[in-house]
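So the structure is just underneath, and the comments pick up after that.
In this chain, numbering begins with 1 at the start of the sequence shown. Keep in mind the model is a prediction, meaning the values are calculated, not measured.
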Amino acid sequence: MATLGRLLGATRHRVGGVSISQVRATFQRNMSGYQFESLAVTRPREHVMQVEMNRPEKRNAMNRAFWREMVECFQAISAEPDVRAVVVSGAGKIFTAGLDLGDMMGSLLVEGADTARKAIKMTPTIRQFQETFSVIEKCPKPVIAAVHSACVGGGVDLITACDIRLCTQDAWFQIKEVDIGLAADVGTLQRLPKVIGNDSLARELALTSRRFEAEEAKQMGLVSRIYPDREAVLEAALDLATTIASKSPIAVQGTKISMVYSRDHSVQEGLEHVALWNSTMLQSEDVVEAVQAGMQKRKPEFSKL
């Protein structure tokens, strides 16, 4: 139930001591004109949000602002009652080059001579970086990644936290961290084996930093579909998000929450979890509306959360 509590916690979460109402107010300001430094947030379709990494001149490399703003953005989206699905994309020529080493080096260095004390100081920083992508997984709204061209390092961490991944024919992927002397520590090593269901291949890719292309990514199950170019994959991602957004938000969010929970628990625990969930959610007005719409051969209309 701890996991369920975290997933539902978006309605009562506090961000660095700030209440969720303040986070929502910040989100509304962003949507009415304020721009994140590293992200472009738009609403291209009804009930659909697009979050685009927006540093094309830096190949969407992940700087300090990005690691902070992704958390702020997705926690606000989680609390936004009119958003039902999210598309994550990258501006410019590539999806992302991963970590911006030049900007981030200062955050990765800790002063002091004692190794243990330096480690204690570094641990909260690593956990903050982990939250940048965990917040996508915790977001109860389904998140679709639309990948084009390069998806390197932190990009793989990002997309493995998403629910659905689409890519272009020219997309390529690389778990780059071992090449810069690091063990990937913000999600790839934990999520990729479960996403692709092949522990041996996941280890091969992580230990060698071997680049792999779109077709192999599809064969292994990292992406579900491949499209000709960036425009096509974005359109497909938005269409998919629109389809998801047309369904009952109670049913959609319950499905995501249950699937995330079941991934990390036994079958029986997953069954007990969804039984408890549906003992409440089956009483939703959405069930009645869906049945009536089907009988009347019309499109169902579901209210905001």
### Approximate separation, where rounding is to 0.5 Å, of L158 CG and R191 CZ
10.0 Å
### Message
Contact between V83 and R43 at the side-chain level, heavy atoms closer than 4.5 Å - yes or no?
### Response
yes
### Message
Using the side-chain hydrogen bond (donor to acceptor under 3.5 Å, both in side chains) criterion, which residues pair with R263? Sequence neighbours excluded.
### Response
E137
### Message
Considering only residues two or more places apart or on different chains, which pairs with a residue in residues 56-94 satisfy ring-ring contact (aromatic ring centres under 6.0 Å, His included)?
### Response
W67-F129, W67-F133
### Summary of salt bridge (charged side-chain N to carboxylate O under 4.0 Å, His left out) pairs that have at least one residue in residues 168-186, sequence neighbours excluded
K176-D179
### Query
Given side chains that start at C-beta, do those of D229 and H148 come closer than 4.5 Å, heavy atoms only?
no
### Query
Would you say the side chain of Q128 lies within less than 4.5 Å of the side chain of V71, judging by non-hydrogen atoms?
no
### Query
Does anything in residues 148-164 pair up under salt bridge (charged side-chain N to carboxylate O under 4.0 Å, His left out), and if so which pairs, sequence neighbours excluded?
D163-K256
#### Entry: V48 vs R84, side-chain contact (heavy atoms from CB on, under 4.5 Å): CA-CA, chis, key distance, verdict
CA-CA 6 Å; V48 174; R84 299 182 185 177; over 6 Å; no
### Query
Which pair of heavy atoms, one from A146 and one from A237, lies closest together, and at what distance?
CB-CB, 3.9 Å
### Atom of C162, atom of V143 and distance for their closest heavy-atom approach
CB-O, 3.6 Å
### Query
Taking atom types as modelled and ignoring hydrogens, do the side chains of E52 and T42 form a donor-acceptor contact shorter than 3.5 angstrom?
no
### Task
Would you give the length of the straight line joining atom CG of L205 to atom CG of L192, rounded to the nearest 0.5 angstrom?
6.5 Å
### Task
May I ask you to list the residues sharing a hydrophobic cluster with V152, side-chain cutoff 4.5 Å, ordered by chain and number?
W172
### Query
Which value, rounded to the nearest 0.5 Å, describes the distance between C151 atom SG and L222 atom CG?
7.5 Å
### Query
In terms of side-chain geometry, is the basic nitrogen of R45 or E235 positioned less than 4.0 Å from the acidic oxygen of its partner?
yes
## Note on the structure
ring-ring contact (aromatic ring centres under 6.0 Å, His included) pairs touching residues 231-254, sequence neighbours excluded, are none
### Task
With rounding to the nearest 0.5 Å, note down the distance linking CE in M281 to OG in S258.
11.5 Å
### Message
To the nearest 0.5 Å, what is the distance between CG on L234 and CD1 on I144?
### Response
11.0 Å
#### Entry: E57 atom CD, neighbour heavy-atom count above 12 within 6.0 Å
yes
### Query
Which heavy atom in A245 sits nearest to a heavy atom in E46, and how many Å separate them?
CB-O, 4.2 Å
### Query
Can you list the steps and then say if L305 with I250 is a side-chain contact (heavy atoms from CB on, under 4.5 Å)?
CA-CA 8 Å; L305 292 175; I250 296 294; 3.5 Å; yes
### Message
Do V135 and Q75 have side chains that approach each other closer than 4.5 Å (heavy atoms only, starting at C-beta)?
### Response
yes
### Query
Do V147 and I196 belong to the same hydrophobic cluster, where Ile, Leu, Val, Met, Phe, Trp and Tyr are linked whenever their side-chain heavy atoms lie under 4.5 Å apart, directly or via other members?
yes
### Message
Salt bridge or not between D103 and K58? Use side-chain N to carboxylate O under 4.0 Å.
### Response
no
### Query
What ring-ring contact (aromatic ring centres under 6.0 Å, His included) pairs are there with at least one residue in residues 181-228, not counting sequence neighbours?
F173-F212
### Query
Got a sec: does the CD of Q296 have more than 12 other heavy atoms crowding it under 6.0 Å?
yes
### Query
With a cutoff of under 4.5 Å between side-chain heavy atoms, which Ile, Leu, Val, Met, Phe, Trp and Tyr residues group with L271?
V267
### Task
Report the residues that fulfil side-chain hydrogen bond (donor to acceptor under 3.5 Å, both in side chains) with E213, sequence neighbours left out, ordered by chain and then residue number.
R211
### Message
Once side-chain hydrogen bond (donor to acceptor under 3.5 Å, both in side chains) is applied, do any residues pair with K118, and if so which ones, sequence neighbours excluded?
### Response
none
### Message
On a heavy-atom basis, which atom in D286 and which in S248 lie closest, and how many Å separate them?
### Response
OD2-OG, 2.6 Å
### Message
Under the rule for side chain to side chain contact (heavy atoms under 4.5 Å, CB included), what residues qualify as partners of R127, not counting sequence neighbours?
### Response
T123, Q130
#### Entry: Sub-4.5 Å side-chain heavy-atom contact between Q50 and S89
yes
### Query
Is it the case that more than 12 heavy atoms not belonging to R59 sit under 6.0 Å from its CZ atom?
no
#### Entry: Heavy atoms of other groups near K194 NZ, more than 12 under 6.0 Å
yes
### Summary
Sorted by chain and residue number, the side-chain hydrogen bond (donor to acceptor under 3.5 Å, both in side chains) partners of T255 (sequence neighbours excluded) come out as none
